[in-house]
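Naming convention: chains lettered A, B, ... in sequence-line order (proteins, then strands); numbering from 1 in each chain. None of the values given here were measured: they were computed from a predicted structure.
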Amino acid sequence: MSATITVRLPDGSERSLPEGSTAGDLAAAIGSRLAKAAVIAEIDGVERDLVTPLADGQTVAIITDTADRGLYTIRHSTAHVLAQAVLDLFEGSTFGIGPPIQDGFYYDFQLANGGTFTPDDLERIDARMREIIAERQPFIRDDIPNERAREIFKDHPFKLEIIDGEADDPTSVTEPGFARTYENPPKFIDLCRGPHVPDTGNHLGHFKLMRVAGAYWRGDEKKPMLQRIYGTAWASKKELEEHLHRLEEAEKRDHRRLGRELDLFSFPDEIGSGLAVFHPKGGLVRRLMEDYSRREHEAGGYEFVYSPHITKAGLFETSGHLDWYADGMYPPMELDEGQAYYLKPMNCPFHCLIYKSQQRSYRDLPLRLFEFGTVYRYEKSGVVHGLTRARGFSQDDAHIFTTKEQMGEELASILRFVLDLLRGYGLDDFYLELSTKPEEKYVGSDADWDEATEVLRSVGEAAGLDLVLDPGGGAFYGPKISVQARDAIGRTWQMSTVQLDFQTPQRFELEYVGADNQRHQPIMIHRALFGSVERFFAVLLEHYAGAFPTWLAPVQARVLPVRDDHDAYAQSVVDQLKAAGYRADMVEATEPLGGRIRKAKMEKLPYVLVVGDDDVEATSVGVNERGSERPERGVPVQDFIGRLAAETAGR
RNA sequence: GCCCGAGUAGCUCAGUUGGUCAGAGCAGCCGCCUUGUAAGCGGCAGGCCGUCGGUUCGACUCCGACCUCGGGCUCCA
């Protein structure tokens with residue numbers, strides 16, 4: 001009969017403790033700092049509460065508030081405090097699920113008589129949460145029979161669905177016969193598998209309720225809409241403040257805000273939701289983006305085509321769009337005695353017709369058709385979002401027709417091309433996503449899908465980037481690989497997609513004559529690099545926070561004469577820059593230099609050139625480069641032009 | 001499409017319980033200033049308070065509908 005137990009720690013060492021010791025006791029035995037930082041423990045590979053008693057021979061790791069799983073637990077426990085506060089303050093309210101998420105947590109509620117939360121309510125809830133935290137209520141875990149759970153949660157229909165296994169709750173277990181609960185005495189109890197912090201006063205409190213939003217129960221738009229409260233929670237006040245600061249910084253680089261501040265584009269109400277106009281500066285940046293893409297495509301063996309914005313319905317019947325995609329299309333216009341015309345949501349059918357315009361030989365393949373094709377999609381009113389989700393936009397759309405034999409090599413070269421081009425715009429942190437057959441909306445045989453998916457998988461794996469699976473995320477006509485790019489502040493954007501399509505060539509009865517003198521069906525590869533030019537514009541704008549690299553900047557250099565008697569020289573500098581092919585302008589000395597420099601800085605121009613007496617004398621400029629600590633003086637104009645040339649080489 | 005919130009000058013925002021509340025800063029225009037690296041000074045002009053209805057002696061203010069925007073949910077071929 002031993003009075004001690006021995007457990008193994010992650011570093012392989014062993015430690016003996018009195019019998020009956022908990023994981024929390026172990027942390028305390030190791031050190032007071034660890035005890036303070038401890039949130040939960042991992043016992044024999046399973047995450048458990050710190051109050052869990054240990055048994056002899058177990059392997060125990062203490063998980064602290066700096067670990068992801070510790071933070072996750074803090075957020076999860078904060079969600080429980082939120083639920084308790086709401087149930088406390090709102091008579092007749094009930095609750096759905098409340099998991100931790102990226103940066104925080106949420107909880108879904110339904111208030112009596114279809115009530116909703118107001119901003120004032122959030123303040124009251126916040127205050128009540130802080131009271132609960134001050135009360136240091138323990139989190140007490142229990143397993144109870146389903147019968148008992150149904151009794152406890154009899155007034156909470158969403159919880160009953162979870163107990164009965166009808167609804168999925170990422171934080172609960174649904175196992176036959178029993179329910180796992182966590183109780184915060186004296187009066188709150190929730191279904192939950194845990195683990196949780198030991199008590200509400202432990203690690204909690206560095207949170208902020210962020211917003212209230214509607215969310216369908218079980219994510220189903222046919223089910224009731226619940227009221228979701230989102231919050232953020234962190235292990236310390238400092239981390240909370242840093243997070244809030246990051247949000248502010250992200251807001252500053254919001255493309256909608258920068259688009260207005262830098263006079264790049266706008267969305268006039270008169271035109272309609274989701275339809276943008278590009279102003280001269282935005283138009284210039286966009287044209288530079290497109291020109292670079294055109295040159296690269298030309299070098300990559302693509303041929304440029306154009307197609308109209310509207311077409312008779314028959315084309316989209318053939319392509320299958322009217323069967324599968326009608327919801328996303330603008331309603332038809334009736335022309336010519338009942339003939340229905342549609343705005344095009346995609347360019348592929350047109351490119352198929354170009355393919356079909358003559359008899360094709362295997363010698364013509366791969367045939368790579370490229371178009372900046374403007375499409376219109378009827379996006380639901382709640383989803384339009386600046387340039388990233390618009391109703392009218394231009395795709396940098398290519399369709400490549402290949403033989404089945406060429407397909408693998410062509411896909412591999414497309415992927416290389418795509419990644420190289422994206423790098424050309426300054427994005428260089430990528431991973432790949434493989435999207436497979438949708439559950440319901442798809443055409444074609446399973447064998448075709450499997451084959452196409454496998455080809456994409458092998459090409460993706462060969463690219464040497466991380467490849468993650470997106471089950472069911474493919475287009476209705478084929479699987480796809482998409483390139484996800486991380487931007488300057490770590491957000492990921494879906495960029496290019498490469499889709500393999502066996503179906504459309506069949507629908508359009510596309511053929512080529514092979515070396516064997518037989519007719520064969522080509523494979524079609526859909527490929528967009530920007531996805532949408534507008535969206536890519538927005539991504540770059542946010543990536544660069546409005547400070548476009550010199551080759552894309554609408555104004556590359558602004559010349560500022562110190563006094564008005566330097567105007568003529570300043571103008572001659574502008575002329576020289578323009579003659580050398582650069583974009584420069586000048587602001588006359590009607591206000592002090594400091595003010596003019598400030599304005600140029602706020603426009604995020606790459607270079608501000610100040611010219612005064614010394615420069616007139618020496619035919620030089622003062623160079624104030626964006627981001628540099630101090631300006632340079634006396635740089636010869638030709639030297640500066642040489643710098644621009646070096647910086648923009650290849651663009 | 002659904003839930004919540006918001007629309008006041010080109011932009012960012014103030015506007016107390018319905019009645020001197022049509023306001024500020026920046027931007028714009030006109031003067032003055034003549035300037036060496038992130039805001040010189042003065043003046044002028046600028047709004048049917050998103051639109052349409054309603055309540056009221058009286059509506060930026062209260063109510064309704066619609067439009068647009070923002071945050072979510074669903075969706076994103």
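- At a threshold of 4.0 angstrom between heavy atoms, the contacts of A:Ala475 are confined to the sugar-phosphate backbone, with no base atom among them.
- Note that A:Arg377 lies outside the cation-pi zone of A:Phe393, set by a 6.0 Å cut-off to the ring centre and a 45° limit from the axis.
- With rounding to whole Å, A:Arg596 atom CZ is found 16 Å from B:C33 atom P.
- If you check every strand for non-hydrogen atoms under 4.0 Å, A:Phe476 touches sugar and phosphate atoms only.
- Side-chain N/O atoms of A:Arg633 include none lying less than 4.0 angstrom from OP1 or OP2 on B:U37.
- Taking atom CD of A:Glu591 as the reference point, atom P of B:C32 lies 16 Å away to the nearest angstrom.
- Under the 6.0 Å cut-off for aromatic ring centres, A:His76 and A:Phe105 do not qualify, their centroids lying 6.0 Å or more apart.
- Below 30°, between 30° and 60°, or above 60°: for A:Phe537 and A:Phe265 the angle between ring planes is above 60°, a perpendicular geometry.
- Side-chain atoms of A:Thr504 and A:Gln506 form no donor-acceptor pair, as typed in the model, at a separation below 3.5 Å.
- Applying the 3.5 Å distance criterion, the base of B:G36 shares a donor-acceptor pair with the side chain of A:Asp615.
- Between the side chains of A:Thr232 and A:Asp103, no donor-acceptor pair is found at a separation under 3.5 Å.
- None of A:Gln503, A:Gln499, A:Arg507, A:His321 except one satisfies the side-chain hydrogen bond (donor to acceptor under 3.5 Å, both in side chains) rule with A:Tyr477; the exception is A:Gln499.
- Taking atom CZ of A:Arg228 as the reference point, atom C1' of B:G5 lies 17 Å away to the nearest angstrom.
- At a threshold of 4.0 angstrom between heavy atoms, the contacts of A:Asp614 include nucleobase atoms, whether or not backbone atoms are also involved.
- With a cut-off of 3.5 Å on both pairing distances, the Watson-Crick and G-U wobble pairs of RNA chain B assemble into stems of 3 or more at B:1-7 with B:67-73, B:10-13 with B:23-26, B:28-32 with B:40-44, B:50-54 with B:62-66.
- In this structure, A:Asp220 reaches neither bases nor backbone, as no heavy-atom distance under 4.0 Å exists between it and the strands shown.
- Between the P atom of B:A6 and the CG atom of A:Asp269 lies a distance of 18 Å, rounded to the nearest Å.
- Base contact: A:Pro345 has a heavy atom under 4.0 Å from a base atom.
- In terms of phosphate contacts, A:His385 brings a side-chain nitrogen or oxygen within less than 4.0 Å of OP1 or OP2 of B:G71.
- Taking atom P in both B:G47 and B:A9, one finds a spacing of 10 Å when rounded to whole Å.
- Residue-level contact check: A:Arg563 touches the bases, meaning some heavy atom is under 4.0 Å from a base atom.
- In this structure, A:Asp327 reaches neither bases nor backbone, as no heavy-atom distance under 4.0 Å exists between it and the strands shown.
- Within the nucleic acid shown, A:Tyr477 comes within 4.0 Å of sugar-phosphate atoms alone, with no base atom in reach, counting heavy atoms only.
- Here A:Arg211 does not reach the OP1 or OP2 of B:A6: none of its side-chain N or O atoms lies under 4.0 Å away.
- Residue A:Ala213 places its side chain closer to B:G71 than to any other of B:G71, B:C4, B:G36.
- Side chain of A:Val384, nearest nucleotide from B:G40, B:G36, B:C69: B:C69.
- Nearest-nucleotide positions on RNA chain B for A:Asp564 and A:Gly595 put A:Asp564 closer to the 5' end.
- Using P as the reference atom, B:G7 and B:C62 are 10 Å apart when rounded to the nearest Å.
- With hydrogens and angles ignored, no donor-acceptor pair under 3.5 angstrom links the side chain of A:Tyr216 to the base of B:G72.
- Note on A:Lys599: a side-chain N or O is less than 4.0 Å away from OP1 or OP2 of B:A27.
- For the P atom pair drawn from B:G18 and B:C57, the interatomic distance equals 16 Å after rounding to whole Å.
- Comparing B:U12 with B:C73, their P atoms are spaced 26 Å from each other, to the whole Å.
- Summarising the geometry, the separation between CD1 on A:Ile229 and P on B:C3 is reported as 18 Å, rounded to the nearest angstrom.
- Within 4.0 Å (heavy atoms only), A:Gly612 reaches at least one base atom of the nucleic acid.
- Not counting sequence neighbours, the partners of A:Arg228 by the side-chain hydrogen bond (donor to acceptor under 3.5 Å, both in side chains) test are A:Asp108, A:Tyr230.
- B:G42 and B:U37 are spaced 23 Å apart, taking the P atom of each and rounding to whole Å.
- Here A:Arg260 lies in heavy-atom contact (under 4.0 Å) with sugar-phosphate atoms only.
- In this model, no donor atom of one side chain and acceptor atom of the other lie less than 3.5 Å apart for A:Asp501 and A:His399.
- Heavy atoms of A:Gln499 sit under 4.0 angstrom from primed sugar atoms or phosphate atoms, though from no base atom.
- Heavy atoms of A:Gly272 sit nowhere under 4.0 angstrom from any nucleic acid atom.
- Note on A:Tyr230: only backbone sugar-phosphate atoms sit closer than 4.0 angstrom, heavy atoms only; bases stay farther off.
- Atom P of nucleotide B:G70 and atom CZ of A:Arg389 are separated by 13 Å, given to the nearest angstrom.
- Atom name C1', nucleotides B:G46 and B:G36: the rounded distance is 36 Å, in whole Å.
- Distances shorter than 4.0 Å separate some side-chain N or O of A:Ser273 from OP1 or OP2 on B:C69.
- With P as the reference atom, B:G50 and B:C11 are 13 Å apart, rounded to whole Å.
- Atoms CD (A:Gln227) and P (B:C2) sit 15 Å apart, rounded to a whole Å.
- No hydrogens or angles were tested; on distance alone, a donor-acceptor pair under 3.5 Å links the side chain of A:Lys380 to the base of B:U74.
- Aromatic pair A:Tyr376/A:Tyr378: centroids not less than 6.0 angstrom apart.
- If you take atom P in B:G70 and the same atom in B:C13, they sit 14 Å apart, rounded to whole Å.
- In this structure, the ring of A:Trp217 has its center less than 6.0 angstrom from the ring center of A:Phe158.
- Of the residues near RNA chain B, A:Leu593 and A:Phe267, the one whose nearest nucleotide (by heavy atom distance) lies more toward the 5' end is A:Leu593.
- The distance from atom CG of A:Leu258 to atom P of B:C11 is 16 Å, rounded to the nearest whole Å.
- Nucleic acid contact class of A:Thr116 (heavy atoms, under 4.0 Å, all strands): sugar-phosphate only.
- Taking the side chain as every heavy atom from C-beta outward, A:Leu122 and A:Arg211 never approach each other to under 4.5 Å.
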